[in-house]
Amino acid sequence: MTDAKPPAHLRPARVEKVAGSSGTGRDTAGGTESGTKAGTAGTTGAGAHARLDPAAELGFSGAPGQPGDTGDSMLHAQRTWDSSLATNRLDELGVKLERRRTETKDVTVSVSLLVDGWPEDVRKSVGSIVEHTNARVLAFDLGDVDGAGEVLDELAERHPDRIAVWHVAEEPHWRGGTATWGECRAKLLRLDESDVHVLMDTNVELCGDALTPLVAAVAEGAVAAGWRGVDFPDGEPEPVRMVEPGPGTAGPRRVRALTGELMAVRRGPALGALPEDAGYGRNADLALSVALQQGAVKQGSHQQGPLQQEHRELVVPGEPLPAVRLGSHDVDPGYDARESRRNFDRVLRILGTS
């Protein structure tokens, strides 16, 4: 049965009725009867129509030969573009970090600290590890300098499953004591049972998960990975060029050596590469990383548990790590010059045998 109305004719759709015609050009909800814009573009008064040329409103040409608005709209367009790029970059980094966490979930990690003063830096540094990572903290307190050992005990009481503390009566070598950097680092390595051992200084604070990119690089085969690397042209001590992660870098970057302020190593090989007789840490960390690299060459590659076969590379990640320096832990300038030079001579000797 049909009605008695004459045949209907199709008419062109009104622009505000078409899905996706309102808003920013990405909305798919369309307009409403009252002229309210759907999606994220905001609202207009009753009877207003959707924008026919959103590109021109952003300062871009709506058609060949139309320059568009080159005033504030162009500035808005640039800001919109920059914001979009930044958001996409953050999304990319977040996805990459989650993927790395999944890939390294079976790799055990510990962070080792030598505590020789600066209690407030110790509080921030250790607290940041607990907050932003799942790693266990192994800390040696050398002589309770300025009450730093008490701060460690306080933190360990609060997080007994995450923090292990050992106290020694000897003060650090740089203060005239007998507790040397090399000997203490070696003890922490032997106390550790993790796959990846992270050396970290107490003047470094994590602002996010800075460990996973380093652990992932080691798990993928690097003998060590660090926050900052060093290149020294022609084997000369000066100039030394620091190498840091930077945006736009395609993957991890190979370097000649790594600094020990934040460095992840394969625990087993590190036991044989650590300069145990080094009294001071500056440049002894470089010696450790270079010896790790040379040891990987001489001993050949081998696989350790969940870690892939190691190769000779020392790397810094391809993206900036969320970590900051809290300040400089200065020592006597004469001591620093003498001991750091001794350690750098060791680096040159190792490189000379390669």
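The first residue of the sequence shown is numbered 1, and numbering continues consecutively from there. Everything quoted here is computed from the prediction, not taken from an experiment.
Under the salt bridge (charged side-chain N to carboxylate O under 4.0 Å, His left out) criterion, Lys187 pairs with Glu183, not counting sequence neighbours. A search for side-chain contact (heavy atoms from CB on, under 4.5 Å) contacts involving Ala186 returns Arg190, Leu274, Glu276, not counting sequence neighbours. For Glu131, there are no side-chain contact (heavy atoms from CB on, under 4.5 Å) partners at least two apart in sequence or on another chain. Judged as a side-chain contact (heavy atoms from CB on, under 4.5 Å), and not counting sequence neighbours, the contacts of Asp336 are Tyr280, Arg282, Val331, Ser340. Annotation: ring-ring contact (aromatic ring centres under 6.0 Å, His included) contacts of His173 (sequence neighbours excluded): Tyr335.
Electrostatic pairing of Asp277 and Arg346 counts as a salt bridge here, judged by a charged N lying under 4.0 Å from a carboxylate O. A salt bridge does not link Arg267 with Glu193: every distance from a Lys NZ or Arg NE/NH1/NH2 to an Asp or Glu carboxylate oxygen is 4.0 Å or more. A salt bridge links Arg254 to Glu313: one of the charged nitrogens lies within less than 4.0 Å of a carboxylate oxygen. By the 4.0 Å N-to-carboxylate-O rule, Arg325 lies too far from Glu205 to be salt-bridged with it. Taking 4.0 Å as the cut-off between side-chain N and carboxylate O, Asp345 and Arg349 do not count as a salt-bridged pair.
Residues Val204 and Val324 are not in side-chain contact: their nearest non-hydrogen atoms beyond the backbone lie 4.5 Å or more apart. The side-chain heavy atoms of Arg158 and Val130, taken from C-beta on, include no pair separated by under 4.5 Å. Inter-residue side-chain proximity for Val196 and Thr108 is flagged as unmet; no heavy-atom pair is nearer than 4.5 Å. Looking at Leu199 and Val265, their side chains come closer than 4.5 Å, going by heavy atoms from C-beta outward. Counting heavy atoms from C-beta on, the side chains of Ile163 and Val126 come closer than 4.5 Å. The shortest distance between side-chain heavy atoms of Gln293 and Arg256 does not fall below 4.5 Å. Between Val223 and Leu314, some side-chain heavy-atom pair lies under the 4.5 Å cut-off. Leu214 is listed as a side-chain neighbour of Leu262, based on a closest heavy-atom distance under 4.5 Å.
Of all heavy-atom pairs spanning Ser289 and Leu258, the tightest one is OG-N, 3.0 Å. Closest approach of Leu288 and Ala270 over heavy atoms only: CD1-O, 4.2 Å. Listed here is the closest heavy atom pair of Leu188 and Ser112: CD1-CB, 3.8 Å. Contact between Met200 and Ser128 at its shortest, heavy atoms only, is CE-OG, 4.5 Å.
No donor-acceptor pair under 3.5 Å is formed between the side chain of Asp201 and the backbone N or O of Asn203. In terms of modelled atom types and a separation under 3.5 Å, the side chain of Asp144 and the main chain of Gly149 share a donor-acceptor contact. Of the possible polar contacts, none joining the Ser125 side chain to the Val122 backbone as a donor-acceptor pair under 3.5 Å is found.
Residue pairs meeting the ring-ring contact (aromatic ring centres under 6.0 Å, His included) criterion with at least one partner in residues 174-193, sequence neighbours excluded, are Trp118-Trp174.
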### Query
Is there a side chain to side chain contact (heavy atoms under 4.5 Å, CB included) between Glu261 and Asp285 once you walk through the steps?
CA-CA 8 Å; Glu261 55 195 341; Asp285 48 5; over 6 Å; no

